[in-house]
Amino acid sequence: MGFLDILLGRTKAVAPDLDQLFGLPSAALTLQAAAGFTPTGTGAVCFASVEGGAFAQAHQEVQELLDADAERTGPPVEVSRDEYGYSWLVSRREPDDLPALVSDLHAVNSALEGSGFGPQLLCSVAGFQDTAQRRLGLVYLYKRGTFYPFAPLAGEAQRRDNALELQVKAALADDLRIEQDLSRWFPIWGAPGL
């Protein structure tokens with residue numbers, strides 16, 4: 001970072017650290033003890049779709065890689081597109097097999113990054129719920145290398161449970177690299193599994 005960058009308030013982008021995803025299983029234990037949330041077994045990677053053969057080839061290879069997992073007992077990996085035009089590659093595992101789900105999310109991110117499509121990666125999310133059926137997503141921001149909680153309110157038109165999100169932030173501060181800038185806690189309305 002140069003002198004002008006400091007004067008103009010520019011900061012260096014944080015390099016993504018996909019290995020941070022492997023902190024989710026231990027964070028899930030803390031989350032269960034602190035707030036009663038358990039994994040749903042659903043996770044997804046969100047990326048901006050790119051037209052062209054190279055991206056389609058990389059996307060197909062990622063899906064084939066995950067679908068080839070012999071231990072997968074659930075449905076194959078699904079691809080969906082949200083109302084904003086972003087693509088989601090969705091993996092479903094048994095709720096008690098969060099490490100396998102995290103491996104799926106890591107594999108998708110790594111494969112797309114390795115194929116040169118890292119700039120298209122936006123976030124990954126792992127779903128959780130409690131006994132009252134409240135939903136919670138732990139979202140990994142690819143470009144920031146940080147996590148944040150997203151808690152949509154059931155039945156409410158795009159409203160969040162901000163108190164729950166702050167409670168989860170405090171509970172997981174020692175387990176995950178939490179995004180401190182709350183303006184970066186983007187809503188992911190309609191995300192698969194939430």
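If you're wondering where the values come from, they're calculated on a predicted model, not measured in any experiment.
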- Would you please say whether a donor-acceptor pair under 3.5 Å links the side chains of Arg92 and Thr42? yes
> Do any N or O atoms from the side chain of Tyr84 and from the backbone of Ile188 form a donor-acceptor pair under 3.5 angstrom?
Replying inline: no
TODO: Give the cluster check for Val168 versus Leu29: same hydrophobic cluster or not, with ILVMFWY residues linked at side-chain heavy-atom distances below 4.5 Å.
DONE: no
Consider side-chain contact (heavy atoms from CB on, under 4.5 Å). Of [options], which one does [X] pass it with?
X     : options                : answer
Leu24 : Leu172, Leu138, Leu101 : Leu138
Leu89 : Leu112, Leu105, Val108 : Val108
Cys46 : Ser124, Pro192, Cys123 : Cys123

Quick one: closest heavy-atom pair of [X] and [Y], and the distance?
X      : Y      : answer
Pro25  : Val102 : CD-CG2, 4.0 Å
Asp104 : Ser91  : OD2-OG, 2.5 Å
Ala151 : Glu165 : N-OE2, 2.8 Å
Ser26  : Gly23  : OG-O, 3.1 Å
Gly137 : Val125 : CA-CG2, 3.9 Å

Could you tell me whether the side chain of [Y] reaches within less than 4.5 Å of the side chain of [X], counting heavy atoms only?
X      : Y      : result
Thr38  : Pro95  : no
Leu136 : Asp161 : no
Pro187 : Gln158 : no
Val45  : Tyr142 : no
Leu122 : Lys143 : yes

To the nearest 0.5 angstrom, please state how far the [atom1] atom of [X] sits from the [atom2] atom of [Y].
X      : Y      : atom1 : atom2 : value
Phe128 : Gln32  : CZ    : CD    : 10.0 Å
Thr30  : Asp175 : OG1   : CG    : 3.5 Å
Thr146 : Asp181 : OG1   : CG    : 9.0 Å
Lys169 : Leu176 : NZ    : CG    : 13.0 Å
Glu179 : Leu141 : CD    : CG    : 6.0 Å
Arg135 : Thr40  : CZ    : OG1   : 6.0 Å

Test ring pair (Phe, Tyr, Trp, His ring centres under 6.0 Å), reference Phe150, set Trp189, Trp185, Tyr140, output is Trp189
### Task
Show the numbers, then the answer: is there a side chain to side chain contact (heavy atoms under 4.5 Å, CB included) between Asp17 and Arg177?
CA-CA 10 Å; Asp17 180 6; Arg177 187 183 300 160; 4.0 Å; yes
Margin query: Take a 6.0 Å sphere around OH of Tyr86 and say whether it holds more than 12 heavy atoms from other residues, nucleotides or ligands.
Written below: no
Atom CG of Asp174 with >12 non-hydrogen neighbours under 6.0 angstrom: no
Are Leu18 and Gln20 close enough, and set up right, to give a side chain to side chain contact (heavy atoms under 4.5 Å, CB included), and what steps lead you there? CA-CA 5 Å; Leu18 293 176; Gln20 291 292 318; over 6 Å; no
For residues 18-47, the ring-ring contact (aromatic ring centres under 6.0 Å, His included) pairs (sequence neighbours left out) are Phe22-His106, Phe47-Phe55, Phe47-His59
